[in-house]
Undergrad: 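One structure is given below, represented as structure tokens, and several questions about it will come after.
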Amino acid sequence: MTKKYIEGFTRQLADALKIGQSLDLVRPGSDIRNVVIAGMGGSGIGANLVESLTFGRIPIPITVCKSYNIPQFVSPHTLFVASSYSGNTEETVAALNKALLKRAHCIVIASGGKLLEIAREYNLFYIQLPSGSDSPRAMLGYNMVSLMSLLYHTNLIGAAFIKETENAIEYLDRGEKGIQSEAELIAKKLKGKLPVIYCDNRLYAMALRFQQQLNENAKHIAHINTFPEMNHNELVGWRFPENLMPMLQVIYLYSDHDHERVEKRMEICRDIFEKKSNPIIDVIGEGASLLEQYYYLIHLTDWISFYLAKENGVEPDPIESIVYLKSELDKLK
Ligand SMILES: O=P(O)(O)OC[C@H]1O[C@](O)(CO)[C@@H](O)[C@@H]1O
């Protein structure tokens with residue numbers, strides 16, 4: 001993911017809002033009983049983030065689908081969104097085809113490819129994203145805002161996300177320099193270490209985005225887990241292998257929506273982790289609402305992955321191992 005996309009994150013959000021506001025979606029009606037969003041990698045993470053942001057706030061379940069298969073419950077009462085920037089990712093295309101067979105209410109988000117062909121063939125509603133990027137992970141702003149716009153136009157969420165996105169754009173633009181310097185400092189601390197990202201379960205999708213960006217941009221392995229679940233298992237594993245302990249670098253991600261008991265748990269565990277490894281890096285979401293804090297954390301952690309790529313002496317854009325994997329898979333078709 002090239003630098004210009006990280007720099008352009010707020011412009012992307014602003015553009016995505018315009019696209020979202022101009023949608024002329026025929027409402028599926030009140031018979032929608034669940035939402036399923038299919039997407040992989042850089043296009044799937046937007047679904048995780050939106051699912052997490054809406055958790056406890058919308059009356060029907062959202063399920064994220066990251067495979068060739070779809071849940072058995074998909075039916076004409078399902079709002080099924082197939083999201084793939086290229087429109088050609090085989091798992092997402094397969095999932096959409098299965099949802100069509102189940103007569104789900106299908107919608108496509110893509111810049112082109114097979115998904116748009118299917119959308120046109122079946123007369124599905126679609127959001128066409130601007131083409132030109134070869135990194136779907138760089139289009140997260142479009143992806144998230146498109147998904148929230150769809151939920152808004154189908155009456156599943158209110159309009160608050162629009163104002164919150166506008167607030168975040170202003171806040172991030174004002175704080176850009178500070179965000180970059182903080183990211184650079186954190187990246188230096190991560191060099192040569194295994195990042196272990198912990199947070200409240202509420203921020204799971206955010207930790208996943210951070211992990212994926214470290215993987216693809218910095219070519220760096222990372223581990224994530226959430227509180228309180230990790231207190232019931234992983235905590236006990238903080239003993240072996242002994243020679244790995246000094247290489248672990250714990251990063252705590254925070255939002256002000258973290259559960260108060262989780263905050264206490266994280267503080268008790270701080271001592272345990274710091275005795276075994278390095279002082280914990282605290283990364284705190286800034287902004288008034290959870291969505292604003294998510295945008296802040298996305299932007300900051302994108303920059304961390306960019307600076308860690310620099311520290312590692314690699315280009316953030318290419319994903320050679322994935323290209324190799326896909327070419328090998330193609331031979332087996
Ligand atoms: O958004 P798309 O085009 O479906 O791509 C999904 C994922 O597939 C890849 O293009 C390759 O696996 C990733 O870079 C990307 O995150």
Side-chain angles (χ1 to χ4, degrees), residues 1-6 9 12 15-16 19 36-51 64-70 80-100 106-119 124 126-150 205-222 224 298 301-302 305-306 309 314-333:
M1 168 170 172
T2 50
K3 193 180 178 191
K4 72 173 182 189
Y5 286 104
I6 308 180
F9 181 55
Q12 190 180 123
D15 195 34
I19 297 175
V36 175
I37 310 172
M40 305 301 297
S43 291
I45 190 64
N48 289 114
L49 288 160
V50 169
E51 187 258 342
V64 181
C65 210
K66 295 195 178 192
S67 174
Y68 298 86
N69 297 317
I70 60 171
F80 187 93
V81 185
S83 173
S84 161
Y85 181 68
S86 63
N88 288 325
T89 296
E90 65 179 35
E91 297 94 319
T92 314
V93 174
L96 175 61
N97 281 325
K98 287 181 180 158
L100 285 168
C106 295
I107 291 179
V108 158
I109 302 176
S111 66
K114 289 184 192 142
L115 283 196
L116 277 199
E117 282 170 25
I118 297 173
L124 306 179
Y126 62 85
I127 299 180
Q128 185 162 13
L129 300 180
S131 54
S133 166
D134 50 13
S135 299
R137 65 189 184 281
M139 306 306 261
L140 178 65
Y142 282 116
N143 196 277
M144 275 178 78
V145 175
S146 300
L147 287 172
M148 288 187 286
S149 301
L150 284 178
M206 189 51 243
L208 185 60
R209 165 70 176 183
F210 189 15
Q211 180 190 41
Q212 294 178 350
Q213 291 293 76
L214 292 173
N215 297 155
E216 289 189 77
N217 292 339
K219 315 333 179 207
H220 205 101
I221 193 94
I224 63 173
I298 289 167
T301 55
D302 276 6
S305 69
F306 171 83
V314 294
E315 286 298 323
D317 209 24
I319 42 167
E320 283 152 16
S321 340
I322 298 178
V323 174
Y324 165 75
L325 172 77
K326 280 191 173 175
S327 69
E328 289 300 300
L329 269 177
D330 283 345
K331 288 182 201 161
L332 302 175
K333 262 182 189 162

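In each ligand, atom 1 is the first atom listed, and ligand 1 is the first ligand listed. Hydrogens, waters and symmetry mates are skipped; everything else that's a heavy atom, side chains included, is used.
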Undergrad: In Å, rounded to the nearest 0.5 Å, how long is the span from CG of Asn97 to SG of Cys106?
TA: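 Reported to 0.5 Å precision, the distance equals 9.0 Å.
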
Undergrad: For residues Pro130 and Ile19, report the shortest heavy-atom separation together with the two atoms involved.
TA: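 In terms of heavy atoms, the two residues are closest at CD-CD1, 4.4 Å.
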
Undergrad: Please, which pairs that meet side-chain hydrogen bond (donor to acceptor under 3.5 Å, both in side chains) have at least one residue in residues 136-145, sequence neighbours excluded?
TA: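 Only Asp15-Tyr142, Ser83-Asn143, Arg137-Glu216, Arg137-Asn217 qualify under side-chain hydrogen bond (donor to acceptor under 3.5 Å, both in side chains).
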
Undergrad: Should we say atom CD of Glu320 is surrounded by more than 12 heavy atoms from elsewhere, each under 6.0 Å from it?
TA: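 No, CD of Glu320 has 12 or fewer neighbouring heavy atoms, counting only those of other groups under 6.0 Å.
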
Undergrad: Using a strict cut-off of under 4.0 Å between a residue heavy atom and any atom of ligand 1, list the qualifying protein residues by chain and number.
TA: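 Around ligand 1, where the cutoff is 4.0 Å for heavy atoms, the contacting residues are Met40, Gly41, Gly42, Ser43, Ser84, Tyr85, Ser86, Thr89, Pro136, Glu216, Ile319, Ile322, Lys326.
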
Undergrad: Rounded to the nearest 0.5 Å, how far does CG of Asp330 lie from CD of Glu90?
TA: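 Reported value, rounded in 0.5 Å steps: 7.5 Å.
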
Undergrad: Locate the shortest heavy-atom distance separating Ala309 from Ala218; write the atom from each residue and the value.
TA: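 What the structure gives for the nearest pair is N-CB, 3.7 Å.
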
